[in-house]
Amino acid sequence: MRWTIKPKPSEEKVKQLATALNVADFVATLLVQRGIETFEEARKFFRPTLSDLHNPYLMKDMDKAVERIELAIKNGENILVFGDYDVDGTTAVSLVASYLKTYYPNVATYIPDRYVEGYGVSFKGIDFADDNGFSLIIALDCGIKSIDHVGYAKERNIDFIICDHHRPGEFLPDAVAVLDPKRDDCSYPYDELCGCGIGFKLIQALGENRNQTIEDLTSYLDLVATAIAADIVPMTGENRILAYFGLQVINADPRPGIKALVHQVKKQTLDITDVVFIIAPRINAAGRIKHGNHAVELLSEFDFEQAQQFASEIEAYNSERKDLDKQITKEALGQILENNEKERFTTVVFQEDWHKGVIGIVASRLIETYYRPTLVFTKSGDKYAASARSVKGFDVYNALEACSEHLEQFGGHMYAAGMTLLEENYQLFKNAFEKVVEETIHPDSLTPEIAVDAEINFDDITPKLIRILKQFEPFGPQNMTPVFLTKNVIDTGYAKKMGGDEEHLKLFVRQNNSEGIPAIGFGLGNKIDLTTNKKPFEAVYCIDENEWNGKVSIQLRLKDIK
C-alpha cells in the first residue's frame, strides 16, 4: 500500500473558511480540498435543498422532448420506455414509466436481454415496438451512439427520445430529442448526472406542464439515489442533492420494491454504502442471472405483498450470482498460478463456461489479489467476450484502443470496458495488451494507493467533529469519506485477530494520554506484529460510528498501519 497525503490547499483560504464557519483548520482543509471555499458554498454543501436543482429546460432539446411526449399523449400513441439492464437503466425505466402511467395508460417498458441483444438500443427492441404499434421510444441510459438503430426506427415511423449520460461520438443519432449534458453543444450547468438522473430531469420538465412542483416528485428520488450510488458518478452538485433527498425517501417511505429489498436488513437507517452493497447488487442480479425485466417489475410494483414475492425471487438470483462469482474467482486465481502469470503487468484469463453476467465482478475481485489491469473472458456465441477493469490512474479504454486490430468491438471508459474478439485472436490480443500496459503504465499504478486527507491527533476526534463529518454525507467519488493519519499510536494490549481465517485485526488504541478508542482493520490480521509490546505505529483510518444493541460509539476503521 502507498500512502499519499493530499496536497495542502492555500493556508489563507483554509484560515478564512475556518474562521467563517468556526471550525478547526483541518476541517476547513477537508472542505477546500472538495472545492468549497466560501461560507455560501459551505452552506449549500451542508444544507442541500431541492430549490438548488437546475431548471430542466436548460438542457438542450428538453423542450423538444416534452413537446413530443405531450403530442403522443394528445394523439393516444403508444409509448415504449426502453433502458439498459443494469441498476441505472432499470431504475430509469421504472421512474419514467411509472411517472407517465400516473396520468396516461398507453405506456410499456422494454429491457434488452443481456445475452441475446447485448448492451444498448437493439434492433430486436425496435422490431418489438414496430410489431406492437409503438410510435415513440424513450431510451434511457443508452442510445447516444445508436445512429443506425434510430435510422432503422425512423424507416418504421417510430420516433426516438434519447436520455443518456455517456460520451457522444462524432455524430448524434437523428432522434426527435437527444438529452445528454455531455453533448458539446449543451450548456446545462452540471454534466455528471447518471441515466436515471436525466430521466428525473425529464419528469421534472413534464411536471411543470402539470403545475407540479419538485416536492410532488420527491417520491421518485429513492430510484435516483440508488442509481447514483450504483453508477459511481461524482457525489457533487446535483447528484449530491438528489442522493441526499433520495436517501431520506429510502429511509422514511420507500416504494414497496425497495422496501421489500431492505426488509431483511436489520439496520434502522441506511446510508449510501448500504445502497451500494445491499440494494444495488440485488437489482443488478436480475439482469446478470435472469433478465432485467424482473428488476423493473419489482421497482414499479405498488402492492407490498407482490413486491415481496418479486424480492424473494431476486434474492435467489443474487445468491446464485454470489456463488458464481466466488467459484469463477477461485478458478481464475488458479489459472493465473497454473500459467505462471503472477509477475505480469496484466491479468487476462478465459474459460468458455464462465457466466457472462458476473465476469465484470470477477475482474474487480481479481484486482484485490493482483493489482493490475484485468480482463476476464468467456465464450459468447461463436466469439469471446470480456469485461475489463482497471487500477487507479490507468486508462484501460486507451489500452484497448491500442490493441483494437485484434478486437471485433469494444466500448467503455477509463476504468471499465467490454469487448468481443474472435477465438483465433485471443492469444495475439493477450500478448499485445500485456505489451501496451507494460510500456504505458506508471509503476506507482501497480500498487494500491490510500489518499490521506489530513493528519490529526486523537484529541481532535470530538463529538463536534463527528457531527460535522456526518454532514459531509452522502459520500461518493469526489466527496469520499475523509481518511486521517495519526502517528505515535499504541495498542493498549488488546490486539487480537478475528474472523473465520483470522484475517481481521481488532485493537484498542491511544495516542499519548488520549482516551482509548476501539479500532478494527478488515484484512489487516497479518499486521498484528506491528502492534504488540506497545510499539508505536502509524495508522490511516476513517472515523465510524458503530451501532450495537441500540448504543452508538465511535470506532476507527483502519485502512492500513505501518
Indicate yes or no for a side-chain donor-acceptor contact from [X] to the backbone of [Y] under 3.5 Å, with no hydrogens or angles considered.
X    : Y    : answer
D216 : T213 : yes
H504 : M498 : no
D164 : H166 : yes
T492 : F508 : yes
N512 : S514 : no
K535 : D529 : yes
D501 : E503 : no
D88  : C196 : yes
Q204 : F200 : no

Candidate pair K506 and Y494, rule side-chain contact (heavy atoms from CB on, under 4.5 Å), full reasoning: CA-CA 8 Å; K506 192 157 186 164; Y494 182 81; 3.9 Å; yes
Minimum heavy-atom distance between [X] and [Y], given as atom pair plus value:
X    : Y    : result
I517 : I461 : CD1-CD1, 4.1 Å
A495 : L507 : CB-CD2, 3.4 Å
I490 : K534 : CG2-O, 3.6 Å
A225 : G246 : CB-CA, 3.7 Å
P254 : K259 : CG-CB, 3.9 Å
P482 : C542 : O-SG, 3.7 Å

To the nearest 0.5 Å, what is the distance between [atom1] ([X]) and [atom2] ([Y])?
X    : Y    : atom1 : atom2 : value
I279 : T91  : CD1   : OG1   : 11.0 Å
S98  : I203 : OG    : CD1   : 7.5 Å
F472 : N479 : CZ    : CG    : 7.5 Å
I456 : L465 : CD1   : CG    : 6.0 Å
L299 : I258 : CG    : CD1   : 6.0 Å
L298 : Q308 : CG    : CD    : 10.5 Å

For the pair [X] and [Y], find out whether any cationic side-chain nitrogen is under 4.0 Å from an anionic carboxylate oxygen.
X    : Y    : answer
K562 : E538 : no
D25  : K15  : yes
R43  : E40  : yes
R255 : E301 : no
K182 : D191 : no
E438 : R344 : no
D453 : R34  : yes
D560 : K527 : yes
R510 : E515 : no

Regarding [X] and [Y], do their side chains bring together a donor and an acceptor under 3.5 Å, going by distance alone?
X    : Y    : result
W354 : E331 : yes
E449 : Y371 : no
Q511 : T486 : no
N239 : E192 : no
H165 : D141 : yes
D325 : H355 : no

Taking atom [atom1] of [X] as the centre, does the number of heavy atoms from other residues, nucleotides or ligands within less than 6.0 Å exceed 12?
X    : atom1 : result
K6   : NZ    : yes
K330 : NZ    : no
R167 : CZ    : no
F46  : CZ    : yes
I232 : CD1   : no

Are the side chains of [X] and [Y] in touch, meaning some heavy atoms are under 4.5 Å apart?
X    : Y    : result
L17  : T38  : no
T447 : M1   : no
F537 : N488 : no
D231 : V87  : no
R240 : F45  : yes
F245 : P48  : yes
L261 : I283 : yes
I198 : P181 : yes

Candidate pair T346 and R372, rule side-chain contact (heavy atoms from CB on, under 4.5 Å), full reasoning: CA-CA 6 Å; T346 62; R372 57 202 191 189; 5.5 Å; no
Stepwise side-chain contact (heavy atoms from CB on, under 4.5 Å) test for T481 and I543: CA-CA 9 Å; T481 311; I543 302 170; over 6 Å; no
NZ or CZ of K342 within 45° of Y370 ring axis and under 6.0 Å: no
side-chain contact (heavy atoms from CB on, under 4.5 Å) assessment of R47 paired with Y244: CA-CA 10 Å; R47 303 275 181 276; Y244 177 87; over 6 Å; no
Residues K496, E502; criterion salt bridge (Lys or Arg N to Asp or Glu O under 4.0 Å); working and verdict: CA-CA 9 Å; K496 65 173 185 185; E502 298 203 324; over 6 Å; no
Stepwise ring pair (Phe, Tyr, Trp, His ring centres under 6.0 Å) test for H54 and Y190: CA-CA 8 Å; H54 305 302; Y190 186 71; 7.1 Å; no
Y85 ring center within less than 6.0 Å of H294 ring center: no
Residue pair Y415, Y397: steps toward the ring pair (Phe, Tyr, Trp, His ring centres under 6.0 Å) verdict: CA-CA 7 Å; Y415 290 120; Y397 183 87; over 10 Å; no
